[in-house]
K.L.:
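Let me begin by handing over the structure; questions about it come next.
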Amino acid sequence: MNPHISRLLGKGLVLTDGDDWKRHRKVVHPAFNMDKLKLMTATMSDCARSMISEWDAQLQKEESGRDGHGHGHVEVELSSRFEELTADVISHTAFGSSYSEGKRVFLAQRELQHIAFSTIFNVQIPALKYLPTKKNVRTRKLDRQVRAMLMGIIEARLASKDTAGGYGNDLLGLMLEACAPPPEHHGEMALTTLSMDEIVDECKTFFFAGHDTTSHLLTWATFLLSTHPEWQHRLRDEVRRECGDDDEVPTGDALNRLKLVNMFLLETLRLYGPVSLIQRKAGSDLDLGGIRVPEGAILTIPIATIHRDKEVWGEDAGEFRPERFENGVTRAAKHPNALLSFSSGPRSCIGQNFAMIEAKAVVAMILQRFALELSPKYVHAPMDLITLRPRHGLPMLLKRL
Ligand code: HEM
């Protein structure tokens, strides 16, 4: 693994194994249950609303700047805008009341991520990571800053627990709650199930695993909305019926009723899933459909290829057809687990409901207010750099409805 990426994730859920992984998953799991996620819907909508207000202001400026003779639309590069939005959402949902400190952590994490991505195709020579190259020096400095800032946030939370009446309802608070000592040891503040370092690494993992992936889902979803106007109309009708018009913020329950939006997002994940491949190591000798796989072999699961396989999805595998999900994910293909965007089994994505709720809220709020038309500047060049993104961004024309 690229050392810059290991540093980004530390010993969080993604990179731990065996008993360590079980312990981490047990602590983190309660933070992602449906009731907690519903509480986070309001935060997600608030972040989306502030992005939408910016677009409204841009449109207003465009209209007034031309004495009422503007062309009635603005062009926005959506992929970078969605990256900001999802970073904002994860900063708020992970750190709630400590949002502004959390945002600083995430800006440093983002720079670390850019360094990691810029070295992804380098040959990995172990000794190189100890050399004082410009990137190594910067990485170490940022890493120290991230750790110190996160420790500061966590210590402040622990110290204010009694006066604040708990650790808080954000992801960090819920993790601390799960690690809290039993009442008879009240006051001892020993974190019994995850160490301080491990909590720091879990915070880093949320940011890394949770913001880029969800932003690319939103990017490809809006791309497909603009290239399939009939679906844009159908989804808008559903959103208006279930969530109301543009001055109403969709509730968690209303989002739950968006069946067509859900089918549309699943089809987006099938055709343009942010994660194109995952790897697994064989824990013992295996027989995989007649092929002998020895213990320790690394298997690559080519999600993107499986998602377009005609033998799995039928002759229309290459076409955009959300209807295939009409009877649920398990009946959409010849195999019930054919959709692998969030992986499958015990190591599947812990944030999948979080990501789907966020994507539904943002798509619904955009459809309530704007019509989307792909800019003529758009060049279709999907690029797989850990996650699948449009190489030249997604310039989109937004029109007020
Ligand atoms: C559209 C959005 C997302 C996609 C496509 C996605 C995809 C995935 C995939 C494919 C895996 C399995 C990786 C592997 O086995 O190598 C995974 C794991 C994981 N994801 Fe996500 N993810 C998304 C959003 C999120 C969010 C929002 C969070 C957290 C806030 C998150 C946190 C995690 C974590 C912690 C793991 C590791 C789970 C474990 O090993 O137990 N993901 N994700």
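First listed ligand is number 1; within each ligand, the first listed atom is number 1. Only a predicted model underlies this, so the values are computations on that prediction, with no experimental measurement involved.
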K.L.:
For the pair Gln279 (side chain) and Thr300 (backbone), establish whether a donor and an acceptor sit closer than 3.5 Å, ignoring hydrogens and angles.
P.N.:
no

K.L.:
Give the atom numbers and elements of ligand 1 that come within less than 4.0 Å of a heavy atom of Trp21.
P.N.:
39 (C), 40 (O), 41 (O)

K.L.:
Any side-chain donor paired with an acceptor under 3.5 Å for Glu373 and His73?
P.N.:
no

K.L.:
Under 3.5 Å, N or O to N or O, is Ser348 touching ligand 1 that way?
P.N.:
no

K.L.:
Please state whether Val28 comes within less than 4.0 angstrom of ligand 1, counting heavy atoms only.
P.N.:
no

K.L.:
Tell me, which protein residue and heavy-atom name are nearest atom 5 (C) of ligand 1, and how many Å apart are they?
P.N.:
Ser341 O, 3.6 Å

K.L.:
With a 4.0 Å heavy-atom cut-off (strictly under), which part of Arg25 contacts ligand 1: side chain, backbone, both or neither?
P.N.:
side chain

K.L.:
Using a cut-off of 6.0 Å, state whether more than 12 heavy atoms not belonging to Leu288 lie near its atom CG.
P.N.:
yes

K.L.:
What protein heavy atom lies closest to atom 13 (C) of ligand 1? Include the residue and the distance to one decimal.
P.N.:
Ile278 CG2, 3.8 Å

K.L.:
For ligand 1, which part of Trp220 has a heavy atom less than 4.0 Å away: the side chain, the backbone, both, or neither?
P.N.:
neither

K.L.:
Taking only residues at least two apart or on different chains, which pairs with a member in residues 75-86 satisfy side chain to side chain donor-acceptor pair (under 3.5 Å)?
P.N.:
Glu54-Arg81, Glu75-Ser375, Glu75-Lys377, Glu77-Ser79, Glu77-Ser80

K.L.:
Taking atom 21 (Fe) of ligand 1 as the centre, count the protein N/O/S atoms lying under 2.8 Å from it.
P.N.:
1

K.L.:
Where is the nearest protein heavy atom to atom 30 (C) of ligand 1: which residue, which atom, and how far?
P.N.:
Ile90 CD1, 3.6 Å

K.L.:
Is Arg270 close enough and on-axis enough to Trp313, meaning under 6.0 Å and within 45°, for cation-pi?
P.N.:
yes

K.L.:
Quick one: is the NZ or CZ of Arg389 closer than 6.0 Å to the six-membered ring centre of Phe223, and within 45° of its axis?
P.N.:
no

K.L.:
Side-chain donor-acceptor pair under 3.5 Å between Asp212 and Gln113, yes or no?
P.N.:
yes

K.L.:
In the protein, which heavy atom is nearest to atom 37 (C) of ligand 1, and how far is it?
P.N.:
Val14 CG2, 3.6 Å

K.L.:
Are any of the N/O atoms on Thr214, whether in the backbone or the side chain, positioned under 3.5 angstrom from an N/O atom of ligand 1?
P.N.:
no

K.L.:
Only heavy atoms of Leu13, strictly under 4.0 Å: list the atoms of ligand 1 that pass.
P.N.:
35 (C), 40 (O), 41 (O)

K.L.:
Without hydrogens or angle criteria, can the side chains of Thr133 and Asn136 be said to hold a donor-acceptor pair below 3.5 Å?
P.N.:
yes

K.L.:
So, does Glu202 sit close enough to ligand 1 that a heavy atom of it is under 4.0 Å from the ligand?
P.N.:
no

K.L.:
Please identify which of these residues, Thr205, Leu171, Leu13, Leu174, meets the side-chain contact (heavy atoms from CB on, under 4.5 Å) condition with Val28.
P.N.:
Leu13

K.L.:
Is Lys141 atom NZ crowded by more than 12 heavy atoms from other residues, nucleotides or ligands, each under 6.0 Å away?
P.N.:
no

K.L.:
So, applying ring-ring contact (aromatic ring centres under 6.0 Å, His included) with Phe106, which one of Phe208, Phe206, Tyr99, Phe207 is it?
P.N.:
Phe207

K.L.:
Please work out whether the ring planes of Phe370 and Trp55 are parallel, tilted or perpendicular, with thresholds of 30° and 60°.
P.N.:
perpendicular

